[in-house]
Amino acid sequence: QVRLDESGGGLVQAGGSLRLSCAASGRTFSTYAMGWFRQAPGKEREFVAAISRSGGSSHYADPVKGRFTISRDNAKNTVYLQMNSLKPEDTAVYYCAASSRTDLLVNQNGNLYWGQGTQVTVSS
């Protein structure tokens, strides 16, 4: 089991940037694929990005490709989401998640561990 704590959310103007962080507890962080999801008001939670256990491969949802970058530092038990060129439609609660496999994150299948979420608000 792993505990996840997100940080870095806030209010930013359209076109601005934010970097989210997700710190994981325990000594097995490198055995988990990690991902970011978001949920806007009145909408279902959606996949944003995922990264493999080693950090060697990543996957992105189409709406964020070219603007968001997921990365991880296994020495610090932390995964990041760098968000650039933010748009008002990026406004949501952003969640960090962990899984044994990257495809389970992309498809939101299986046993995922979730953080509590961090609010990102993009003003126009």
Side-chain angles (χ1 to χ4, degrees):
Q1 193 167 353
V2 60
R3 175 177 171 175
L4 305 172
D5 292 305
E6 302 97 332
S7 61
L11 174 64
V12 64
Q13 288 188 333
S17 299
L18 280 176
R19 188 176 83 155
L20 305 183
S21 299
C22 173
S25 64
R27 293 175 288 182
T28 59
F29 178 71
S30 62
T31 67
Y32 291 99
M34 300 297 297
W36 288 95
F37 295 78
R38 67 187 182 185
Q39 186 168 20
K43 295 186 177 181
E44 293 187 353
R45 185 163 52 192
E46 64 176 2
F47 168 76
V48 174
I51 190 167
S52 63
R53 288 173 286 185
S54 68
S57 65
S58 57
H59 306 267
Y60 296 91
D62 286 343
V64 307
K65 282 181 180 177
R67 300 189 298 122
F68 290 11
T69 302
I70 188 171
S71 62
R72 67 188 296 162
D73 185 336
N74 285 347
K76 295 183 178 180
N77 283 11
T78 302
V79 63
Y80 305 97
L81 185 68
Q82 177 66 45
M83 304 186 294
N84 299 328
S85 301
L86 283 161
K87 304 175 181 180
E89 52 264 42
D90 294 318
T91 295
V93 177
Y94 283 71
Y95 297 90
C96 173
S99 178
S100 59
R101 293 179 0 218
T102 307
D103 63 302
L104 296 179
L105 289 165
V106 174
N107 298 306
Q108 292 194 63
N109 284 336
N111 187 26
L112 307 186
Y113 298 102
W114 296 95
Q116 81 288 350
T118 185
Q119 177 71 46
V120 171
T121 303
V122 184
S123 63
S124 57

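Values in this document were obtained by computation on a predicted structure and should not be read as measured data. We're numbering straight along the sequence, starting at 1.
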Do you know the tightest heavy-atom contact between [X] and [Y]?
{"X": "A33", "Y": "R53", "answer": "N-CG, 3.4 Å"}
{"X": "A49", "Y": "L81", "answer": "CB-CD1, 4.2 Å"}
{"X": "A40", "Y": "A92", "answer": "N-CB, 3.8 Å"}
{"X": "Y95", "Y": "G115", "answer": "CD2-O, 3.6 Å"}
{"X": "E6", "Y": "Y94", "answer": "OE2-O, 4.0 Å"}
{"X": "G9", "Y": "L20", "answer": "N-CD2, 3.6 Å"}

Pair listing, ring-ring contact (aromatic ring centres under 6.0 Å, His included) test, anchored in residues 37-75, at least two apart: F37-F47, F37-W114
Grouping I, L, V, M, F, W and Y whenever their side-chain heavy atoms are under 4.5 Å apart, do [X] and [Y] come out in a common cluster?
{"X": "M83", "Y": "I70", "value": "yes"}
{"X": "Y80", "Y": "V64", "value": "no"}
{"X": "L104", "Y": "V2", "value": "no"}

Under the side chain to side chain contact (heavy atoms under 4.5 Å, CB included) rule, collect the residues that match up with [X], sequence neighbours excluded.
{"X": "Q119", "result": "T91, V93, T121"}
{"X": "V12", "result": "L18, L86, V122"}
{"X": "A23", "result": "T78"}

Over 12 non-hydrogen atoms of neighbours within 6.0 angstrom of CZ in R45: yes
Side chain to side chain contact (heavy atoms under 4.5 Å, CB included) assessment of M34 paired with L4: CA-CA 10 Å; M34 300 297 297; L4 305 172; 3.9 Å; yes
Could you tell me whether a side-chain N or O of [X] sits under 3.5 Å from a main-chain N or O of [Y], the two making a donor and an acceptor?
{"X": "R67", "Y": "S85", "result": "yes"}
{"X": "R72", "Y": "F29", "result": "yes"}
{"X": "S52", "Y": "S57", "result": "yes"}
{"X": "S25", "Y": "R3", "result": "yes"}

Single hit among E89, E44, E46 for salt bridge (Lys or Arg N to Asp or Glu O under 4.0 Å) with R38: E46
Electrostatic pair K87:D90 at N-O distance under 4.0 angstrom: no
Distance (rounded to the nearest 0.5 Å) between N111 CG and R101 CZ: 12.0 Å
Nearest-0.5 Å distance, CG of residue L105 to OH of residue Y32: 12.0 Å
Residue that, paired with V79, satisfies side chain to side chain contact (heavy atoms under 4.5 Å, CB included) out of N74, I51, D73: I51
Summary of side chain to side chain donor-acceptor pair (under 3.5 Å) pairs that have at least one residue in residues 12-22, sequence neighbours excluded: S17-N84
Within residues 79-124 or reaching into it, pairs that qualify as disulfide bond (SG atoms under 2.5 Å apart) - sequence neighbours excluded: C22-C96
